[in-house]
Amino acid sequence: MTWDVLWPLLWQGTLETLWMVIPAALCAQLLGTALGVLLTLTRPGGLHPQRPLFRVLDAAVNVGRSLPFIILLVLLIPFTRLITGTSIGSTAAIVPLTVAAIPFVARLVDGALKDVPHGVVDAARAMGATTAQTVFKVLLPEARPALIHAFTVMLVSLIGYSAMAGAIGGGGLGDLAIRYGYQRFETGVMIATVAALLVLVQLTQWAGDRAAARSDHR
């Protein structure tokens with residue numbers, strides 16, 4: 001395959017990958033952060049300990065993280081078809097990518113919030129801060145660098161997951177690698193696809209590290 005033919009395919013695959021990853025990352029970050037905050041609040045020793053609820057949420061997060069993504073893709077086909085009207089294509093892949101990332105984000109957010117010094121939280125509570133004020137004005141701002149790192153890790157993971165989505169017609173660079181690089185034995189296409197994924201990962205990691213450094217005022 002010549003470069004003139006390969007370049008449009010790489011560009012289209014990159015755009016499809018970004019279309020899968022960015023909406024899934026934003027939705028997963030929103031829902032995963034809410035779940036992570038709830039884990040932090042309800043755990044023993046939290047602001048509102050609720051042991052039964054915490055155990056249920058903790059178990060759900062562990063189960064969600066333990067499922068291999070390729071199996072989750074297949075399990076969610078009926079749900080994906082219900083949401084998007086189809087089970088193939090880049091838009092359909094957003095659904096399983098989001099579901100896969102939510103428990104991952106929740107665990108990272110929970111860990112970041114647990115690292116906030118207890119003295120800061122105790123001081124806010126002593127001054128009469130409500131739970132919502134403690135979460136949005138103390139916990140989340142204090143954990144901002146760690147949360148940005150968590151978002152970066154999640155983005156990098158989703159780029160890898162999006163490549164696997166190509167195995168069932170999800171589109172993107174993974175689909176390009178499978179259809180041309182593997183099935184047609186085009187080694188050059190496989191190498192170019194891997195290189196494009198590496199560039200995406202490196203750019204994402206670089207941008208995330210810079211954002212985290214700028215947000216850390218300690």
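Start at 1 with the first residue, then count along the sequence. Given the structure is predicted, the values throughout are model-derived calculations rather than measurements.
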Interatomic distance, [X] atom [atom1] to [Y] atom [atom2] [nearest 0.5 angstrom]:
{"X": "M20", "Y": "L173", "atom1": "CE", "atom2": "CG", "value": "7.5 Å"}
{"X": "D122", "Y": "M127", "atom1": "CG", "atom2": "CE", "value": "11.0 Å"}
{"X": "L176", "Y": "M190", "atom1": "CG", "atom2": "CE", "value": "9.0 Å"}
{"X": "R144", "Y": "L140", "atom1": "CZ", "atom2": "CG", "value": "8.5 Å"}
{"X": "L147", "Y": "T33", "atom1": "CG", "atom2": "OG1", "value": "6.5 Å"}
{"X": "S162", "Y": "I22", "atom1": "OG", "atom2": "CD1", "value": "11.0 Å"}

Please examine the side chains of [Y] and [X], heavy atoms only from C-beta on, and report whether any two atoms are closer than 4.5 Å.
{"X": "T98", "Y": "I102", "result": "yes"}
{"X": "V120", "Y": "P117", "result": "yes"}
{"X": "F104", "Y": "V153", "result": "yes"}

Shortest non-hydrogen contact between [X] and [Y], atoms and distance:
{"X": "M154", "Y": "A25", "answer": "CE-O, 3.4 Å"}
{"X": "L139", "Y": "V121", "answer": "CD2-CG2, 3.7 Å"}
{"X": "I88", "Y": "T86", "answer": "N-OG1, 3.3 Å"}
{"X": "I148", "Y": "A212", "answer": "CG2-N, 3.7 Å"}
{"X": "T131", "Y": "R125", "answer": "N-NH1, 3.3 Å"}
{"X": "V21", "Y": "L158", "answer": "CG2-O, 3.8 Å"}

Is there a chain of hydrophobic side chains (I, L, V, M, F, W, Y, each step under 4.5 Å between heavy atoms) that links [X] to [Y]?
{"X": "L197", "Y": "W7", "result": "yes"}
{"X": "L108", "Y": "I159", "result": "yes"}
{"X": "L31", "Y": "I83", "result": "no"}
{"X": "V201", "Y": "L97", "result": "yes"}
{"X": "L72", "Y": "V61", "result": "no"}

Just wondering, are more than 12 heavy atoms of other shown residues or ligands nearer than 6.0 Å to CD1 in I77? yes
Any donor and acceptor pair, going by atom type alone, linking the side chain of [X] with main-chain N or O of [Y] inside 3.5 Å?
{"X": "Q29", "Y": "L26", "result": "no"}
{"X": "T84", "Y": "R81", "result": "no"}
{"X": "N62", "Y": "D58", "result": "yes"}
{"X": "S66", "Y": "V63", "result": "yes"}

Within residues 105-163 or reaching into it, pairs that qualify as ring-ring contact (aromatic ring centres under 6.0 Å, His included) - sequence neighbours excluded: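 Listed by first then second residue: F69-Y161.
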Checking side-chain contact (heavy atoms from CB on, under 4.5 Å) for the pair L18/L200: CA distance, chi angles, key distance, verdict? CA-CA 9 Å; L18 293 175; L200 280 179; 4.1 Å; yes
Tell me which donor-acceptor pairs under 3.5 Å the side chains of residues 35-45 have, and how far apart each pair is, sequence neighbours excluded?
| unit_1 | atom_1 | unit_2 | atom_2 | d |
| --- | --- | --- | --- | --- |
| T40 | OG1 | G36 | O | 3.1 |
| T40 | OG1 | D110 | OD1 | 2.8 |
| T42 | OG1 | L38 | O | 2.7 |
| R43 | NH2 | D110 | OD1 | 3.3 |
| R43 | NH2 | D110 | OD2 | 2.4 |

